[in-house]
Structure formats: structure tokens, C-alpha cells
S.K.: 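Here it is, the structure in full.
All heavy atoms count here, side chains included; hydrogens, waters and symmetry mates do not.
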Amino acid sequence: MSILINFKICDNSPDCNWVKSCPMKAFYFDEEKQSIAINPDLCTNCGRCVNSCLVWAIRLAKNQAEHEKIQKEMDEDPRTVNDLFVDRYGAVPISNKFTIKM
């Protein structure tokens, strides 16, 4: 089993819900990469992180076939970190009709 993170939609916040939800403290903020990282030696694949992520950026694969399927879905995901407000808060991007040209 393995944990996969869709970094296309993850904001890499050290204060993220799913980082804090891990009872084994397997997730940490890598200062050098400025990104969330996983210590696979501490991860027990309990899945609490999956349920805690507000944008479903983290997934748990139970076998190699599922890992490959999830990885393919993440690779093909057209979203970007800019879409986080839509996913997290239901916000809709402002239409150009409502913007003021300077």
C-alpha cells in the first residue's frame, strides 16, 4: 500500500489538516523543498490523511494496480493549485465582466 499526493492541487501548507491528522506523524514539511513530504517508515496506511484532506489531494493505493491507476488520474488531472479556492470553499473565479480595467 502507498500514499500518493496530487501536488497539482496541494498547497503544501505545513498547517494542512491531513498533516495534523496522522497519528504516526509520518508527514512533515520539507524546508529545503518547501513541500509536504512523507516518511514511509512511519506511515501505517491507516487512511486518516485521505479523509482529512479538504481537496482530495491525497489518496491511498491498496496494491500496485491501484497505485498505477491513481497515479495516472493524478497525472491527467487538469486542475492546478489556483483551483484550490473553488474546491475548498466553493468560490467561483471572477468573470471578466465584473473586473475593472485600470
Side-chain angles (χ1 to χ4, degrees):
M1 297 201 306
S2 61
I3 297 289
L4 294 101
I5 303 170
N6 186 346
F7 286 106
K8 290 180 180 180
I9 59 170
C10 176
D11 65 359
N12 284 302
S13 171
D15 299 320
C16 194
N17 289 346
W18 58 270
V19 171
K20 294 176 181 179
S21 74
C22 180
M24 303 306 291
K25 309 285 187 240
F27 296 99
Y28 63 96
F29 189 75
D30 186 327
E31 293 290 337
E32 184 179 316
K33 294 180 181 177
Q34 290 295 297
S35 178
I36 301 296
I38 305 169
N39 180 339
D41 296 331
L42 295 177
C43 181
T44 61
N45 298 306
C46 68
R48 288 186 187 176
C49 54
V50 175
N51 295 326
S52 298
C53 180
L54 299 174
V55 295
W56 296 97
I58 186 164
R59 305 269 303 275
L60 174 64
K62 296 178 181 158
N63 55 48
Q64 186 60 33
E66 195 170 274
H67 177 95
E68 290 170 8
K69 179 183 176 212
I70 292 169
Q71 186 63 59
K72 183 178 181 203
E73 288 172 6
M74 288 182 176
D75 290 343
E76 294 173 352
D77 189 346
R79 296 178 296 169
T80 66
V81 75
N82 293 333
D83 296 320
L84 284 172
F85 285 113
V86 175
D87 287 346
R88 282 191 183 166
Y89 309 112
V92 177
I94 296 174
S95 168
N96 284 338
K97 319 189 260 197
F98 298 107
T99 58
I100 299 171
K101 294 185 181 184
M102 301 302 272

S.K.: Answer yes or no: is there a side-chain heavy-atom contact under 4.5 Å between Phe27 and Ile36?
M.R.: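 Result yes, sub-4.5 Å side-chain heavy-atom pair found.
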S.K.: How long is the gap from CD on Glu73 to CD on Glu68, to the nearest 0.5 Å?
M.R.: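 Glu73 atom CD to Glu68 atom CD measures 12.5 Å (nearest 0.5 Å).
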S.K.: Would you kindly confirm whether Val19 and Trp56 end up in one hydrophobic cluster when ILVMFWY residues are joined by side chain heavy atoms under 4.5 Å apart?
M.R.: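 In one cluster with Val19: Trp56, yes.
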S.K.: Atom CD1 in Ile5, atom CD1 in Ile70: separation rounded to 0.5 Å?
M.R.: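 Reported value, rounded in 0.5 Å steps: 12.5 Å.
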S.K.: State, yes or no, whether a side-chain contact exists between Gln34 and Glu31 at a heavy-atom distance under 4.5 Å.
M.R.: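 Yes, side chains in contact.
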S.K.: Only one of Cys22, Pro23, Ser21, Cys16 forms a side-chain contact (heavy atoms from CB on, under 4.5 Å) with Cys49, so which one is it?
M.R.: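 That would be Ser21.
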S.K.: Shortest non-hydrogen contact from Ile38 to Ile3?
M.R.: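 Heavy atoms of Ile38 and Ile3 come nearest at CD1-CG2, 3.5 Å.
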S.K.: Can you name the nearest heavy-atom pair linking Met74 to Leu4, along with the distance?
M.R.: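 Taking every non-hydrogen atom into account, CE-O, 3.6 Å.
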S.K.: Start with the C-alpha distance between Asn12 and Ser35, add both sets of side-chain angles, then the distance that settles side-chain hydrogen bond (donor to acceptor under 3.5 Å, both in side chains), and finish with yes or no.
M.R.: CA-CA 5 Å; Asn12 284 302; Ser35 178; 3.1 Å; yes
S.K.: Rounded to the nearest 0.5 Å, how far does NE2 of His67 lie from NZ of Lys72?
M.R.: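 Going from NZ on Lys72 over to NE2 on His67, the span is 14.0 Å.
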S.K.: Any side-chain to backbone donor/acceptor pair from Lys8 onto Ala57? Under 3.5 Å, distance only.
M.R.: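 Checked: no pair found.
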S.K.: Rounded to the nearest 0.5 Å, what's the gap from CZ on Phe7 to NZ on Lys33? Could you check?
M.R.: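 Nearest 0.5 Å value for the CZ-NZ distance: 9.0 Å.
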S.K.: Should Arg59 and Asn6 count as side-chain neighbours, where that means a heavy-atom distance under 4.5 Å?
M.R.: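 No, their side chains stay 4.5 Å or more apart.
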S.K.: How close do Gly47 and Leu60 get, heavy atom to heavy atom, and via which atoms?
M.R.: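 Answer, listing the atom of Gly47 first, then Leu60: CA-CD2, 4.2 Å.
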